[in-house]
A.B. asks: 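Let me begin by handing over the structure; questions about it come next.
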Amino acid sequence: MKYERILVIGDIHGQFKKLSSVFNKINFNAEKDYLILLGDYIDRGSENLHCLQWAMKINEMENTAVLRGNHEQMMLFYYLLGNFESTIWLPNGGDKTKAEIDEWCKKDPEFLNKALKFIYNLPLYHKIFIGDKEYIFCHAGLNPYKSFDEQDEESLLWIRENFYNNYSGSAEVVVGHTPTPYLGDIPGIEKRDIYFPVRLPNKITLLDTGSFLSKGKISCMDILSGEIWQSDVY
Ligand SMILES: [Mn+2]
């Protein structure tokens with residue numbers, strides 16, 4: 001692949017102002033760059049559907065990979081299945097998104113169907129090679145005891161400590177999902193800015209910098225150079 005930058009954006013959670021802030025800073029060029037979104041566009045924020053619509057637009061562009069997060073999964077299951085994930089959507093910030101959907105659908109009754117179809121078609125991971133180095137992008141992580149081909153939806157969308165503590169694969173894995181302020185002290189990392197991306201010693205990069213928290217940010221990383229851009233705090 002011959003891209004100038006491979007840009008990856010972590011959790012957004014309805015923070016459209018922060019999203020605009022970081023997206024303006026990266027100055028994405030669809031002809032030269034590649035852009036990967038790690039999921040969780042909705043829930044907990046005040047402009048969830050604007051963020052979802054933005055992800056839908058990015059998905060239509062060349063040189064982009066838009067992935068599904070566990071929050072999109074919960075929304076999908078809430079409307080389509082009525083199983084466990086559906087009961088936990090509203091208390092996990094889905095109440096905000098649902099209120100917006102109810103409002104929007106008064107003017108645009110087709111919106112919900114379009115949104116669900118979009119989410120249904122989102123992939124759970126994206127994999128690339130740069131030279132002989134393999135990179136895997138997904139929302140949460142990988143089951144450390146399974147090969148890549150045996151990975152399951154549950155791990156790709158929900159896994160946390162079991163992945164961070166036990167992953168020993170050769171591929172670099174770039175994920176969102178656990179806000180970096182919630183990671184606490186990390187062995188081997190002396191002092192850290194809790195709203196900054198974290199790279200663990202076992203080839204895991206965490207890009208969810210707590211967008212929905214008052215001091216939280218949305219982060220973007222170019223995995224080729226390691227450069228990081230963050231949203232301003234509002
Ligand atoms: Mn999230």
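All values derive from a computational prediction rather than experimental measurement. We count ligands from 1, going down the list as the structure has it; atoms in each ligand are counted the same way.
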A.B. asks: Tyr41 side chain to Gly39 main-chain N or O, any donor-acceptor pair under 3.5 Å?
C.D. replies: yes

A.B. asks: Among Lys18, Lys25, Lys217, which one satisfies side chain to side chain donor-acceptor pair (under 3.5 Å) with Asp232?
C.D. replies: Lys25

A.B. asks: Below 2.8 Å, any N, O or S contact between His13 and the Mn ion (ligand 1)?
C.D. replies: yes

A.B. asks: Give the atom name of whichever N/O/S atom in Asp11 sits closest to the Mn ion (ligand 1).
C.D. replies: OD2

A.B. asks: May I ask you to check whether Trp89 and Asp43 show a side-chain donor-acceptor distance below 3.5 Å?
C.D. replies: yes

A.B. asks: Testing the 3.5 Å rule here: is there a donor-acceptor pair between the side chains of His71 and Asn92?
C.D. replies: no

A.B. asks: Checking one value in my table: which N/O/S atom of Asp40 lies closest to the Mn ion (ligand 1)?
C.D. replies: OD2

